[in-house]
Amino acid sequence: MSKSKGGGSFRSAISGRYVTAKHGNASPHTTVRESAGSSGSSGSHYRSAISGRYVTTAHGKASPRTTVKES
């Protein structure tokens, strides 16, 4: 559960835990690369692990293994 250094860290869409950069690069469909720094957003949002784009709450709840809930 280590965070990678330098451009951000990787988080598993399945478990929600931080994973190594090696695992994140090897599993691009089930991990999301998070940018360093604060997001400044309000409320929770879902992000697709496949495309990296934000998705609707309905899609995020329907696809828990390929989306990450960001608070």
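Just so it is clear, the values below take in all heavy atoms, side chains as well, and ignore hydrogens, waters and symmetry mates.
- Side-chain contact between Arg11 and Thr31 is absent, with no heavy atoms from C-beta onward closer than 4.5 Å.
- Residue pairs meeting the salt bridge (charged side-chain N to carboxylate O under 4.0 Å, His left out) criterion with at least one member in residues 45-66, sequence neighbours excluded: Arg47-Glu70.
- Atom OH of residue Tyr46 and atom OG1 of residue Thr57 lie 6.0 Å apart, to the nearest 0.5 angstrom.
- By the side-chain contact (heavy atoms from CB on, under 4.5 Å) test, His29 is found to be paired with Ile50, residues two or more places apart in sequence or in another chain being considered.
- Between Phe10 and Thr20, the closest side-chain pair of non-hydrogen atoms is not below 4.5 Å.
- Rounded to the nearest 0.5 Å, atoms NE2 (His23) and OG1 (Thr30) are 5.0 Å apart.
- Among residues at least two apart or in separate chains, there is no salt bridge (charged side-chain N to carboxylate O under 4.0 Å, His left out) pair with a member in residues 21-32.
- Put simply, the side chain of Ser63 never gets that close to the backbone of Thr66: no donor and acceptor are under 3.5 Å apart.
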